[in-house]
Amino acid sequence: MKESIKQLWDKHPLSLIVIVGLFFRALAVIFSKGYGMFDDHFLVIEASQSWVDGYDYNNWLPSSGAQSPDGHSLFYSGIHFLIFKYLKWRGLMDPQGKMYVIRALHAIWSMLVVIYGYKITEFYAGKKVARQAGMILSILWCVPMLAVRNLVEVVCVPPLMIATWMLINPATKDKLKTYAWVGIWSAIAFNIRFQSLFFIGGFGLVFLFQKQWKQFLVFAISFSLGVFSVQGLVDMWIWHKPFAELMEYVRYNSANATTYTNGPWFQYFEVLAGVILPPVGLFCIFGFARSWKKYPILFWPSLFFFAFHSSFPNKQERFIYPVIPFVIVLGCIGWSEFVATSKYWQNHKKLLVGCWTFFWILNCIPLPVLSTTYSKKSRVDAMTYLSTRNDLHGLMVEESYRDDFTMPPLFYVGHWDVHVVGITKKHTMYRAYEEYKGDPRDKIHPNYIIFFGKENFDKRLADFQKMFPDNHYVATITPSLVDAIATFLNPINKNQTTYIYQFSERNMVADSVMLSH
């Protein structure tokens, strides 16, 4: 067995790299349930499934009363609409079952980055370096888990990698039709993630700098047609004007550049060095930086994208993900060329081997943990549990210690006619009680409450029970181990323990009872 693996590694390394990558992605498909962040669930899964069910969860469409576009590309969520529509036709109704399918499709899609990243590296630096880059692309500690998430920053990378390979591949790079295909693949990436335009623009700059006028023109026309056929025509159909969503997206992000998480200009250098892990992360950054002149089609699109995000105030780690695979590929190429001419490293080969060994040991510690972690477990399982309660028609989310409340992922409830009321510092339990008492529509009244978090739980529960004495405990759902650790390390990650109670309006307290509010 050991000998056969060694032979496969020597003769067919890409096959082994793909097998290993698929193994860890399969683990993530099976075990890494839930979602990572707000966007990869509520802007994709909730929206698309609600459309299938004749509802518009985010109120994005005119049919639900929306007066203007909300600034979201409907391409990626539209693909999920078609997938969920097909699964419904096939009789698959279980939300968790649907997500197994979604994660599996994303896992397969992500392998294109591994395959074409390996090909690019092998073409420029040979099989040995390609094995290094390919294995990093395949099983970098966070990659299998991210590969099965609905993050547009991750999903837009395969078409960019394919386009790059087509410009490098000797069999296609000199053909004019290649630039048409590069434009099409670039348009697909743009339709998934608008910000990929800054990477795609790097392609155009390289073509112009190299005076490839015809190639640039074919690329630009193909890209424009690809974008118009999706963003233009879809928005014409929905909003009666082309690029309405794109224009709103640009307007909103320009107006809210400093509204969300801000960071210093050098933040993404730290992200690159940290995500790829030391010391290889530093090797890759160094190798990438020294290769700007020799490999322009790999370097400039990535740098252009990186420079924009580094200069833009709003910074979140996932925003920079599209260039990480390219930094790995070009970084390994550039680093290998540096090592080959460096007297120091030629005289310290054992140290270099030790650095790579340390990297892989460090990488393999979190790899199996993250590949099998259930993210946002307490939220998802709470909704999955409530999906079994046939009498659910309304839900209170109690987080009175916060200014806002955690949106429950109703996708896992299985239906959308659930009235959600958030209890926060501003919208207190007493205020909810007054609204509850004043609304005669029984079906609007929440009859379950979820307490997110342990903070001041006894007092919060007591305040609730004063107003709604007809209640009983239903369930407690705890976060996964990784979620709990993430919250401990950084409280911004709100992966709370969840407490579920059922209640009714019977025996509600009288108006004369003094309640704090």
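Annotation: side chain of Val227 is in contact with side chain of Phe223 (closest heavy-atom distance under 4.5 Å). For the pair Gln267 and Ile320, the minimum side-chain heavy-atom distance is 4.5 Å or more. Counting only heavy atoms from C-beta outward, the side chains of Glu337 and Lys294 approach each other to under 4.5 Å. No side-chain heavy atom of Thr497 sits less than 4.5 Å from a side-chain heavy atom of Phe451. Put simply, the side chain of Phe23 does not reach to within 4.5 Å of the side chain of Val20, judged on heavy atoms. The side-chain heavy atoms of Leu481 and Tyr374, taken from C-beta on, include no pair separated by under 4.5 Å. Inter-residue side-chain proximity for Arg379 and Tyr35 is flagged as met; some heavy-atom pair is nearer than 4.5 Å. By the 4.5 Å heavy-atom criterion applied to side chains, Gln215 and Val182 are not counted as neighbours.
Judged as a ring-ring contact (aromatic ring centres under 6.0 Å, His included), and not counting sequence neighbours, Tyr118 has no contacts. Scored by the side-chain hydrogen bond (donor to acceptor under 3.5 Å, both in side chains) test, Tyr252 finds Tyr260 as partners (sequence neighbours excluded). Applying the ring-ring contact (aromatic ring centres under 6.0 Å, His included) rule to Tyr295 yields the partners Tyr124; only residues at least two apart in sequence or on another chain are considered. For Trp60, the side-chain hydrogen bond (donor to acceptor under 3.5 Å, both in side chains) partners two or more places apart in sequence, or in a different chain, are Asp70. The ring-ring contact (aromatic ring centres under 6.0 Å, His included) test applied to Phe199 returns Phe203, Phe326, not counting sequence neighbours. Listed by chain and number, the residues in a ring-ring contact (aromatic ring centres under 6.0 Å, His included) with Phe266 amount to none (sequence neighbours excluded). Residues forming a side-chain hydrogen bond (donor to acceptor under 3.5 Å, both in side chains) with Thr121 (at least two apart in sequence, or on another chain): none.
Checking each of Met37, Arg103, His41 against Arg149 for a side chain to side chain contact (heavy atoms under 4.5 Å, CB included) leaves exactly one that passes, namely Arg103.
Counting non-hydrogen atoms of neighbouring residues, nucleotides and ligands closer than 6.0 angstrom, the CZ atom of Phe209 reaches no more than 12 such neighbours. Within 6.0 Å of atom CH2 in Trp9, more than 12 heavy atoms from other residues, nucleotides or ligands are found, so the atom counts as buried in its surroundings.
A side-chain donor from one of Tyr249 and Gln195 sits under 3.5 Å from a side-chain acceptor of the other. In this structure, a donor-acceptor pair under 3.5 Å is present between the side chains of Asn150 and His80.
The two residues Leu140 and Ile276 make their nearest non-hydrogen contact at CD1-O, 3.9 Å. Between Val206 and Pro301, the shortest heavy-atom contact is CG2-CD, 4.4 Å. Cys355 approaches Trp345 most closely through the heavy-atom pair SG-CH2, 4.5 Å. Summarising the geometry of Ser50 relative to Tyr57, their closest heavy-atom pair is OG-N, 3.0 Å, with the distance given to 0.1 Å. Nearest heavy-atom pair, Ser138 versus Val114, reported as atom, atom and distance to 0.1 Å: CA-CG2, 3.8 Å. When all heavy atoms of Leu112 and Pro158 are compared, the pair lying nearest together is CB-CB, 4.0 Å.
Ring geometry, Phe219 versus Phe216: the interplanar angle falls from 30° to 60°, so the pair is classed tilted.
Pairs engaging residues 307-331 under the side chain to side chain donor-acceptor pair (under 3.5 Å) rule: Asp39-Arg318, Glu153-Arg318, Gln316-Arg318 [sequence neighbours left out]. The stretch residues 200-213 participates, sequence neighbours left out, in no salt bridge (Lys or Arg N to Asp or Glu O under 4.0 Å) pair at all. Residue pairs meeting the salt bridge (Lys or Arg N to Asp or Glu O under 4.0 Å) criterion with at least one member in residues 9-37, sequence neighbours excluded: Lys6-Asp10, Asp10-Arg131. Residue pairs meeting the side chain to side chain donor-acceptor pair (under 3.5 Å) criterion with at least one partner in residues 346-363, sequence neighbours excluded, are absent. For residues 165-189, every residue pair satisfying the side chain to side chain donor-acceptor pair (under 3.5 Å) rule, not counting sequence neighbours, is listed here: Tyr179-Gln212.
With ring centers used as reference points, Phe405 lies 6.0 Å or more from Phe452. Aromatic pair Phe288/Phe306: centroids not less than 6.0 angstrom apart. The distance between the ring centers of Phe338 and Trp335 falls below 6.0 angstrom.
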Tell me, with the steps shown, if Phe75 and Val152 meet side chain to side chain contact (heavy atoms under 4.5 Å, CB included).
CA-CA 11 Å; Phe75 177 70; Val152 292; over 6 Å; no
Phe198/Phe312 under ring pair (Phe, Tyr, Trp, His ring centres under 6.0 Å): CA gap, chis, key distance, verdict
CA-CA 12 Å; Phe198 295 97; Phe312 196 74; 8.8 Å; no
Evaluate the criterion side chain to side chain contact (heavy atoms under 4.5 Å, CB included) for residue pair Leu160 and Val113; output intermediate values, then yes/no.
CA-CA 9 Å; Leu160 296 177; Val113 175; over 6 Å; no
Check step by step if side chain to side chain donor-acceptor pair (under 3.5 Å) holds for Gln496 and Glu399.
CA-CA 10 Å; Gln496 313 99 318; Glu399 291 183 89; 2.9 Å; yes
Run the numbers on Arg402 and Thr424 for side chain to side chain contact (heavy atoms under 4.5 Å, CB included), then give the verdict.
CA-CA 6 Å; Arg402 295 180 57 212; Thr424 65; 5.8 Å; no
List the steps and the verdict of side chain to side chain donor-acceptor pair (under 3.5 Å) for Ser73 and Glu245.
CA-CA 6 Å; Ser73 172; Glu245 294 286 356; over 6 Å; no
Leu351 vs Tyr344, side chain to side chain contact (heavy atoms under 4.5 Å, CB included): CA-CA, chis, key distance, verdict
CA-CA 10 Å; Leu351 176 60; Tyr344 177 84; 3.5 Å; yes
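Without hydrogens or angle criteria, His12 side chain to Leu8 main chain gives no donor-acceptor distance under 3.5 Å. Of the possible donor and acceptor atoms, none in the side chain of Ser32 sits under 3.5 Å from a partner among the backbone N and O of Ser371. A donor-acceptor pair is defined here as one N or O able to donate and one able to accept, closer than 3.5 Å; no such pair exists between the side chain of Ser77 and the backbone of Ala47. Between the side chain of Thr373 and the backbone N or O of Val369 there is no donor-acceptor pair closer than 3.5 Å. Trp141 places a side-chain N or O within 3.5 Å of a backbone atom of Val275 that can act as its donor or acceptor partner. At distances below 3.5 Å, not a single donor-acceptor pair connects side-chain atoms of Ser378 with backbone N or O atoms of Pro479. Although no hydrogens or angles enter the test, the distance criterion places a donor-acceptor pair under 3.5 Å between the side chain of Thr372 and the main chain of Pro368.
Note on Glu122 versus Lys119: no salt bridge recorded, every NZ/NE/NH1/NH2 to OD/OE distance being 4.0 Å or above.
For the pair Arg193 and Phe319, the cation-pi test (distance below 6.0 Å, angle within 45°) is passed.
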